[in-house]
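All remarks here apply to the structure that follows.
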Amino acid sequence: MASSSTTVGFIGLDELSLDLASSLISSGFTVKAFEVYDPVVNKFLKLGGSKVSSPKDVGLDASAVIISISPTNKINDILYGKEGALKGFQNNAVIIVCSTVSPTDVLKLENQLSETNFIVDAHVSRGRSETLQGKTMITSSGSSEAITKARPFLSAMCEKLYIFEGAVGAGSKIKMVNALLEGIHLVASMEAILLGVQAGIHPWILYDIISNAAGSSWVFKNHVPKILKGDHSKHYSMDTFIQNLRSVLDMAKLLTFPLPLLAVAHQQLLYGCSRKDGDNYETPLIKISEAILGLNIIDASNKESYNPEKLADEISSSSNSVKRIGFIGLGAMGFGMATHLVKSKFCVIGYDVYKPTLSRFENAGGLVGNSPAEVSKEVDVLVIMVTNENQAESVLYGNFGALSALPAGATIILSSTVSPGFVSQLERKLQDENKDFMLVDAPVSGGVARASSGELTIMASGRDEALKRTGSVLSALSEKLYVIKGGCGAGSCVKMVNQLLAGVHIASAAEAMAFGARLGLNTRMLFEVIMNSEGMSWMFGNRVPHMLDNDTTPYSALDIFVKDLGIVSHECSSRKIPLHISTVAHQQFLSGSAAGWGRLDDSAVVKVYETLTGVKVEGKLPVLSKEDVLKSLPSEWPTDPIEDIQRLKKTASKILVVLDDDPTGTQTVHDIEVLTEWNVESLTTQFSRRPDCFFILTNSRSLSSEKAIELTKEICRNIDTAAKSVNNIGYTVVLRGDSTLRGHFPEEADAAVSVLGEMDAWIICPFFLQGGRYTIADVHYVADCDRLVPAGETEFAKDAAFGYTSSNLREWIEEKTNGRVASSSVASISIQLLRKGGPVAVCKHLCSLQKGSTCIVNAASERDMTVFAAGMIQAELQGKRFLCRTAASFVSARIGIKRKAPIVPKDLGFTNRNGGLIVVGSYVPKTTKQVEELQKQYGHNLKSIEISVEKLAMRSMEEREEEIRQTAEMADASLRARKDTLILTSRGLITGSSPSESLQINFKVSSALVDIVRRINTRPRYILAKGGITSSDLATKALEARCAKVVGQALAGVPLWQLGPESRHPGVPYIVFPGNVGDNTAVAEVVKNWACPVRLASTKDLLLDAQKGGYAVGAFNVYNLEGVEAVVAAAEEERSPAILQIHPSALKQGGVPLVACCISAAGQANVPITVHFDHGSSKHELMEALEMGFDSVMVDGSHLSFKENIAYTKYISYLAHSKKMLVEAELGRLSGTEDDLTVEEYEAKLTDVTQAGKFIDETGIDALAVCIGNVHGTYPASGPSLRLDLLKDLHAMSSEKGVILVLHGASGLPEEIIEECIELGIRKFNVNTEVRKAYMESLRNPKKDLVHVMASAKEAMKAVVAEKMHLFGSAGKA
């Protein structure tokens, strides 16, 4: 028995389903069928199929059953009868309904069977385009799960597969829309033939010309010959077709949707069918045509004909030379025609009423005139290409009209679409001028693009001499030139017939697309299907894209068809022939004009339907509510597979080698190495370490396609060589690309496969949570605040080098591979499969893919990503090989990395106080907004240097060099001044005329940024590079890094590296900021986190660190600049924290400048230094101090009573804490003198432990200055006598309350007492006397100059301060 996964059953066989069965058998499937008609069965058996005796037997062991019978009631019998197919179906089999049933009936079937089986409908047809001529085409729809199940079978059965995911019924709906178009086109073709014949044009000539003009359609090309030949065969079941049209009208009625063109076409065909021959059940098409047209087609088509192209060749070969051409009417078509004549070396002088067009024409090499008369002087030929008859009359006969200056013997080419009668009348008027003027009636068809390239279809008529005079001009303008017999007016007759068809086809396209939108179809995909079906027309292919893009730019205005179909309407009245469908189409254009859309593109006729019905034909995917979409998805897979991934990678998982096309791919990983070189030796070293993963920075996105291919091949060869040199190493290559779909795809993937061998599948996974990139239902979205925008509608899709249009990843793959990988062949792992089936279902799906497949991964959460990664690892363990093209999220999921909090400076423990360097090369709008926000928030602390892209990329080498030199010098100076420095490229986007030119401009800018950074010698505090190419080039070329370690992320999605020891700045944090990540404040947030803080720490931080480290911090009283510099210099040399302390008496002398000096010095220092206000003994001076920027204050209420001290201290403490300042207070009173303030010994008082506890509780202070026998100033000759037992008790009490102890009067204390005090909890020593003494003594030695006095004093004080730092144990602690 065959495997059920490869067995397919058919219920019913016909010509099409036999082809389907044959394709399945050729693809290796086992196929069986139930069919009662023996001739069909015999054909099936010859193909290699097997027959079963009942519908029930079809379903046994089959994983797919294809139903190819109708009508619906027969399907019900087959499914639910005694031996019905349902009794044989296995659960989860997919049922493919290929029968001709209505959408409603398909939905009923789905409702009946969906609990146990998957249902899809499939409309099977023959392709009608040139590329799919006669090949099998399937349009299918169903739920995501059903489509996933059915796809292998559907793909095997056809050459072209269209998938409409969602509700079933799309196939039937597509068939309705196609039938609508086919019916309208058929009747329009008949009316066109009737009008042409009545105008005297041979029907075969009409056919030959219009088949190559804008009025062409598949129906016209394929059915008109049969009509003209009198083909009586029943190749086309008209009665069935008319019944199908009735079904479409019934559906429209149900939906309350007007189909006026189809309604008229249906009535015409009904009328034709009513004229049957005898009892014939089927009416031949020829009979219907003759009934509708009211003439004998055979007689008309059998009349003698001629070859219009041969006539044109004869005239062209004998045409006169033309020296000078006048051209009036430089509209969309006219401008293209006139400029092409200029390119063809004709001397052309042009005129148009719109002056800017004249300037454009002059720039294109033409001459211009200011009136019709001026351009007509001395010309051989005058071409008129105006909108209508009135304008033609005016330019010839009006004020400054052409005829007033046109030389005798000149010939006029009238290419405007006008009525045949007008042309005949104009020729007579020109003859009456008696100046040998001649007229050529030469209307054109083909559109603006063909006008510019000289590839128009021209239908010319007139006297032979006139045609000879103009033959060279007409030949230059045309790809197809036809000369129509019958004199002036005959060409316009043909053009009139062409316009009848073109107008009807535009209007019918609008009707069809609007109806398709009302049916709920994806209109862009509907367009693609119709373009391969019987409903296609030239106008459908040309104008529907305008409708889908909602582009009403007037390439050809709607009012033109009001005029052109008005000509048709007038002719049918004058000739007394009924042209029903063209008349209704004319009314649709009139409706559009009446609504104010006359000057819009003629495709805007679709607005008539949109306005009446409320539908939107526009084929753009909608912008969705992020919250609503995410809520609508199934619940996530309940268990996190990350533990399984971590377990598997320790045993059998392969090493992940990530080829990163720019450095931003490290956005989700940490503790991973990045290589910027890829020689075999470096790679072997990496493999030998057996890491879970490592990155290779290729920066290939900045290269041309050719260079990227060669680079990928080289790296893959080296990877393979290196891996083979290390025992038991397996690896998987990931091509990490942009989450917004830019980069060299599929070129890099093809290059990798050419070296590594064919893969089981390519995995495409651009999901990236931190960047707001989601893939849902195969559509890739970019989050914008609370909205999900289809990627193809974002600025990223307009990238000059890597632009694209498709948001659906299936279509994107087809677009990028230029159709090599059809969208229908792309497999997909849905969110439903991830969330309901888990890793096992993923593994099963991956293992079922045909070798060489391409598979999309949908994902909307990190859990989705880890579920996929776990399933992929399981598939790899079963021997499958994959090549992955992914964004950053896949990498972290695949190696089981857990999230890590963003890295901040203290995590790395560095204290560099220089400015940070920010380099912005990315030009995307998001980056521009982020830079603007950075400058807005941080501009006062930021040096911004904008460099001109024009000077770097478009000017001379001298200007480029000067721009680079000046920028580097300014940046270096700014960094040395400890100022964060922003270097950014000018924001105006400059692109080349081609993707390669745009890449070259990017290269010039990037290389200039490299040169600038290379010339900066100051070691920055950090480097932030904005943009992928920028960050890569700076790391590898400017900073010469060969390797780096990804420490983590500076912000979600923003990698932070530490550069390797070989780089110019080893260990400097390197922040790789992608151009497309983060909201508008993201860059400002990172810079704020990494900028050098005004203070490295607060006083409280300093003392708490001392508490943890078991040392004390010195607080040194300062009085002037020398004292401040002495403390800072000592602290930096000794790597010690310190406190600059200002006494009230010093503040009285130095004032605010002294405080500002201390604050500035502390801010500029590269070790933690704070500023403290000491001994604030009055409320007035403390209130002032609180506003001056001190980090901490001492509230000295020791002169007050205990109760008053509490109240005083508590009040100041409350105010200081509101400013996040540390508060120190004193309990007890020290004797001695400090800054002329003396406390006598009898006034001194030791700190009481009990009182101290109460004082702390009630005041909320942070630090307590204790009195244990210490004194201000100099200790007595007998030495200090400190009550260390009291200090011990105070330490025990204060530790419980979390209060830090301070000792004033540290000058003169011996080393052993200092050590005991630190041991007993003192964390801050006040030092004043010894430092002051050193200063004073330095002044006793006379110096030559004041600066020498300052230097000497500074060195003397610095020596004392440094000694104290060692004594207190703080040296080396910063």
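Index from 1, following the sequence. Because only heavy atoms are used, hydrogens play no part in the values below, and waters and symmetry mates are left out as well, while side chains stay in.
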Straight-line distance of [X] [atom1] to [Y] [atom2], nearest 0.5 Å:
{"X": "H123", "Y": "F164", "atom1": "NE2", "atom2": "CZ", "value": "10.5 Å"}
{"X": "L519", "Y": "L526", "atom1": "CG", "atom2": "CG", "value": "9.0 Å"}
{"X": "L500", "Y": "C572", "atom1": "CG", "atom2": "SG", "value": "9.0 Å"}
{"X": "I506", "Y": "S556", "atom1": "CD1", "atom2": "OG", "value": "6.5 Å"}
{"X": "L262", "Y": "L180", "atom1": "CG", "atom2": "CG", "value": "4.5 Å"}
{"X": "K229", "Y": "S301", "atom1": "NZ", "atom2": "OG", "value": "10.5 Å"}

What closest approach, in Å, do [X] and [Y] show between heavy atoms, and which atom pair accounts for it?
{"X": "S211", "Y": "S216", "result": "O-OG, 3.4 Å"}
{"X": "T523", "Y": "A517", "result": "CG2-CB, 3.9 Å"}
{"X": "V423", "Y": "C488", "result": "CG1-CB, 3.7 Å"}
{"X": "A510", "Y": "V605", "result": "CB-CG1, 3.8 Å"}
{"X": "C493", "Y": "A199", "result": "SG-CB, 3.7 Å"}

Practice prompt. Would you please classify the geometry between the F540 ring and the F527 ring as parallel, tilted or perpendicular, with 30° and 60° separating the classes?
Written response: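 Parallel.
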
Is [X] salt-bridged to [Y], cutoff N-O under 4.0 Å?
{"X": "E618", "Y": "K620", "result": "yes"}
{"X": "D551", "Y": "R543", "result": "no"}
{"X": "D250", "Y": "R246", "result": "yes"}

Item to complete: State, without any angle test, whether N532 and Y162 hold a side-chain donor-acceptor pair at a distance under 3.5 Å.
Response: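 Looking only at side-chain atoms, Y162 and N532 do form a donor-acceptor pair, the distance falling under 3.5 Å.
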
Discussion item. Within the 3.5 Å criterion, strictly below it, is a donor on S419 or E571 matched to an acceptor on the partner's side chain?
Written reply: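 Not at all, the side chains of S419 and E571 share no donor-acceptor pair under 3.5 Å.
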
Item to complete: May I ask you to decide if G215's main-chain N or O and N498's side chain share a donor-acceptor pair within less than 3.5 Å?
Response: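 Yes, N498 side chain to G215 backbone: donor-acceptor pair under 3.5 Å.
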
Assess whether atom [atom1] of [X] is packed by more than 12 heavy atoms of other residues, nucleotides or ligands within 6.0 Å.
{"X": "Q133", "atom1": "CD", "value": "yes"}
{"X": "R575", "atom1": "CZ", "value": "yes"}
{"X": "K616", "atom1": "NZ", "value": "no"}

Practice prompt. Output, in order, the C-alpha distance, side-chain angles, deciding distance and verdict of side-chain contact (heavy atoms from CB on, under 4.5 Å) for Q499 and L565.
Written response: CA-CA 7 Å; Q499 292 305 91; L565 290 180; 5.6 Å; no

Worksheet item: Hey, does V187 have a side-chain heavy atom less than 4.5 Å from the side chain of E191?
Response: yes

Worksheet entry | L186 and H223, any side-chain heavy atoms less than 4.5 Å apart |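 The answer is yes; the side chains approach within 4.5 Å.
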
Worksheet, complete the sentence: Which of T805, D549, N808 passes side chain to side chain donor-acceptor pair (under 3.5 Å) with R524? It is D549

Worksheet item: Is there a salt bridge (charged side-chain N to carboxylate O under 4.0 Å, His left out) between E130 and K221 once you walk through the steps?
Response: CA-CA 13 Å; E130 289 183 10; K221 281 185 173 182; 5.4 Å; no

Discussion item. So, using ring pair (Phe, Tyr, Trp, His ring centres under 6.0 Å) as the criterion, who are the partners of H185 when residues are at least two apart?
Written reply: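 H185 satisfies ring pair (Phe, Tyr, Trp, His ring centres under 6.0 Å) with H505 only.
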
Discussion item. Which residues pass the ring pair (Phe, Tyr, Trp, His ring centres under 6.0 Å) test with F561, not counting sequence neighbours?
Written reply: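 Ring pair (Phe, Tyr, Trp, His ring centres under 6.0 Å) check on F561 returns F589.
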
Practice prompt. Could you walk me through whether I560 and T417 pass the side-chain contact (heavy atoms from CB on, under 4.5 Å) test, one step at a time?
Written response: CA-CA 9 Å; I560 289 176; T417 301; over 6 Å; no

Discussion item. Show, in sequence, the C-alpha distance, side-chain angles and deciding distance for E182 and I530, and conclude whether the side-chain contact (heavy atoms from CB on, under 4.5 Å) test is met.
Written reply: CA-CA 10 Å; E182 202 177 350; I530 296 298; over 6 Å; no

Practice prompt. Carefully, step by step, assess Q268 and I581 under the rule side-chain contact (heavy atoms from CB on, under 4.5 Å).
Written response: CA-CA 9 Å; Q268 287 285 78; I581 205 150; over 6 Å; no

Discussion item. Which residues pass the side-chain contact (heavy atoms from CB on, under 4.5 Å) test with P260, not counting sequence neighbours?
Written reply: P258, E511, V584, Q588, Y609

